[in-house]
Amino acid sequence: MPTQPDANRSALVRRARLANRRLALAYPDAHCELDFNSPLELLVATMLSAQCTDVRVNLVTPALFRRYRTAADYAGAERSELEELIRSTGFFRAKSNSIIGMGQALCERFAGEVPSRLVDLVTLPGVGRKTANVVLGNAFGIPGITVDTHVGRLARRLGWTEEVDPERVEAELNAMFAKTEWTPLSHRLIFHGRRCCQARKPNCAECPIASLCPSAGQAI
DNA sequence: ATCCCGAGGG
DNA sequence: CCCTCTGGAT
């Protein structure tokens with residue numbers, strides 16, 4: 001006989017998994033919307049995506065990826081030139097510093113290659129868990145929940161977690177879903193967050209998982 | 001005025 | 001825990 005908190009917990013997990021299945025039907029084409037052709041390109045694009053739309057990132061990366069092709073290219077990049085190429089993505093000074101430092105770190109510690117382990121990725125300047133999980137999930141096929149602004153907001157609205165710290169949100173979602181769902185679930189939540197459950201105006205009237213959402217219809 | 005596929009520093 | 005970094009879109 002399960003205790004009451006356990007029963008509530010398992011009901012929550014069943015509701016969350018049902019929502020994931022409905023999101024899979026609603027967004028069968030959910031995928032990483034950053035344009036890239038290599039792990040290094042995805043790493044750079046993801047570093048640029050902080051507080052910036054992926055549409056904006058995809059506007060600057062074609063010229064960026066033509067100018068810099070290897071880790072050594074980034075390591076030796078001229079700061080002012082790199083800054084101008086990425087200026088419109090915001091935080092351009094910090095991002096330039098991170099990208100140059102990232103290139104140097106790859107050359108010095110990883111033979112110029114992007115590492116495929118989270119513990120290694122997060123040692124790179126400007127690379128946190130979110131960026132690391134994007135690279136792992138989309139360039140190396142290693143499952144991970146990417147807790148960006150959308151995933152965090154939706155997980156809280158859906159009542160899947162009350163945590164604010166992205167690492168804690170990630171841990172809670174990891175415990176609720178099969179590992180094979182971690183990356184596709186992240187993509188579905190991001191698609192849903194952009195197209196329907198937006199930060200300022202959630203469209204609960206047309207939301208495919210409103211019946212599974214404790215926040216539906218409420219002013220958030 | 002608020003938000004966008006965050007990370008680092010104090 | 002907080003704060004800051006930055007430009008563009010709505």
Side-chain angles (χ1 to χ4, degrees), chain A residues 23 27 29-36 39 41-61 63-64 74 79-80 82-106 118-140 142-158 161-171 173-174 181-203 219-220:
Chain A
L23 289 174
Y27 308 106
D29 59 335
H31 64 283
C32 178
E33 296 192 281
L34 295 169
D35 295 335
F36 67 98
E41 288 190 357
L42 179 58
L43 176 58
V44 172
T46 311
M47 292 173 76
L48 293 177
S49 74
Q51 294 300 298
C52 178
T53 62
D54 52 356
V55 173
R56 170 65 45 190
V57 172
N58 290 336
L59 249 31
V60 313
T61 48
L64 187 68
Y74 288 110
R79 212 164 290 274
S80 57
L82 179 55
E83 283 181 1
E84 287 317 304
L85 282 167
I86 68 169
R87 172 179 287 274
S88 70
T89 68
F91 296 165
F92 62 90
R93 278 183 286 267
K95 287 175 180 175
S96 292
N97 280 331
S98 293
I99 289 170
I100 292 170
M102 175 276 293
Q104 293 171 344
L106 288 185
L118 186 136
V119 287
D120 291 330
L121 283 165
V122 296
T123 68
L124 302 172
V127 180
R129 291 188 70 88
K130 180 261 172 180
T131 299
N133 275 322
V134 169
V135 172
L136 290 175
N138 300 285
F140 294 117
I142 298 171
I145 302 270
T146 59
V147 184
D148 64 0
T149 182
H150 296 298
V151 173
R153 181 180 72 251
L154 268 64
R156 284 185 290 276
R157 282 181 176 172
L158 285 160
T161 181
E162 294 179 8
E163 299 290 352
V164 176
D165 173 33
E167 190 166 345
R168 294 192 188 187
V169 175
E170 183 188 334
L173 299 198
N174 283 345
E181 292 301 303
W182 291 354
T183 298
L185 171 62
S186 299
H187 293 148
R188 290 166 198 148
L189 289 174
I190 291 163
F191 265 55
H192 191 54
R194 291 188 55 197
R195 291 159 177 71
C196 181
C197 191
Q198 295 170 356
R200 279 174 275 193
K201 50 174 186 61
N203 187 359
I220 320 174

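We name chains A, B, ... by the order of the sequence lines, and we start the count at 1 in each one. In this text the structure is predicted, and so the values were computed from the model without any measurement.
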Starting from C1' on C:dC5, measure out to CE on A:Met47 and report it in whole angstrom.
14 Å
Residues that A:Asn203 engages under side-chain hydrogen bond (donor to acceptor under 3.5 Å, both in side chains), provided they are two or more places apart:
none
Whole angstrom is fine here: how far is it from CZ in A:Arg194 over to C1' in C:dA9?
12 Å
For atom P, what is the distance between B:dG8 and C:dG8, given to the nearest Å?
24 Å
C:dC3 and B:dC5: how far apart are their P atoms, nearest whole angstrom?
24 Å
Rounded to whole angstroms, how far apart are CZ on A:Phe91 and P on C:dC5?
9 Å
Indicate whether the side chain of A:Ser186 and that of A:Lys130 have a donor and an acceptor atom separated by less than 3.5 Å.
no
Contact class for A:Val55 vs. all strands (heavy atom < 4.0 Å): base, sugar-phosphate, or nothing?
nothing
Once you apply a heavy-atom cut-off of 4.0 Å, does A:Pro166 come out as touching a base, just sugar-phosphate, or nothing?
nothing
For the C1' atoms, the ones on B:dC4 and on C:dC1, what distance do you get once it is rounded to whole angstrom?
24 Å
Nearest whole Å is fine: how far is C:dT6 P from A:Glu84 CD?
13 Å
Heavy-atom neighbours of A:Arg195 CZ exceed 12 at 6.0 Å:
yes
Among A:Thr61, A:Leu48, A:Val57, which residue meets the side chain to side chain contact (heavy atoms under 4.5 Å, CB included) test with A:Ile86?
A:Leu48
Hey, does A:Leu42 have a side-chain heavy atom less than 4.5 Å from the side chain of A:Leu34?
yes
Would you indicate what A:Gln198 reaches in the nucleic acid, counting non-hydrogen atoms under 4.0 angstrom: base, sugar-phosphate, or nothing?
nothing
Closest-nucleotide mapping onto DNA chain B: is A:Leu34 or A:Leu124 further toward the 5' terminus? I mean the 5' end.
A:Leu34
Determine the interatomic distance between C1' on C:dC5 and the same-named atom on B:dC3; round to the nearest Å.
16 Å
For A:Lys201 and A:Arg87, take the nucleotide of DNA chain C holding the closest heavy atom to each; which residue's nucleotide lies nearer the 5' end?
A:Arg87
Answer yes or no: is there a side-chain heavy-atom contact under 4.5 Å between A:Arg129 and A:Val147?
no
With a strict under 4.0 Å distance from non-hydrogen atoms of chain A, what nucleotide opens and what nucleotide closes the contacted stretch of DNA chain B, reading 5' to 3'?
B:dT2 to B:dG8
Rounded to the nearest angstrom, tell me the gap between atom CD in A:Glu167 and atom P in C:dC1.
12 Å
Check: A:Arg200 side chain, C:dT10 base, donor-acceptor under 3.5 Å:
yes
Do the non-hydrogen side-chain atoms of A:Met47 and A:Leu124 ever get within less than 4.5 Å of each other?
no
What's A:Thr131 touching, base or sugar-phosphate or nothing? Going by heavy atoms closer than 4.0 Å.
sugar-phosphate
Any side-chain heavy-atom pair of A:Asn97 and A:Pro125 under 4.5 Å
no
Using atom CZ of A:Phe92 as one end and atom C1' of C:dT4 as the other, report the distance to the nearest whole Å.
14 Å
Hey, does A:Leu42 reach any base, or is it just sugar-phosphate, or nothing, if we go heavy atoms under 4.0 Å?
nothing
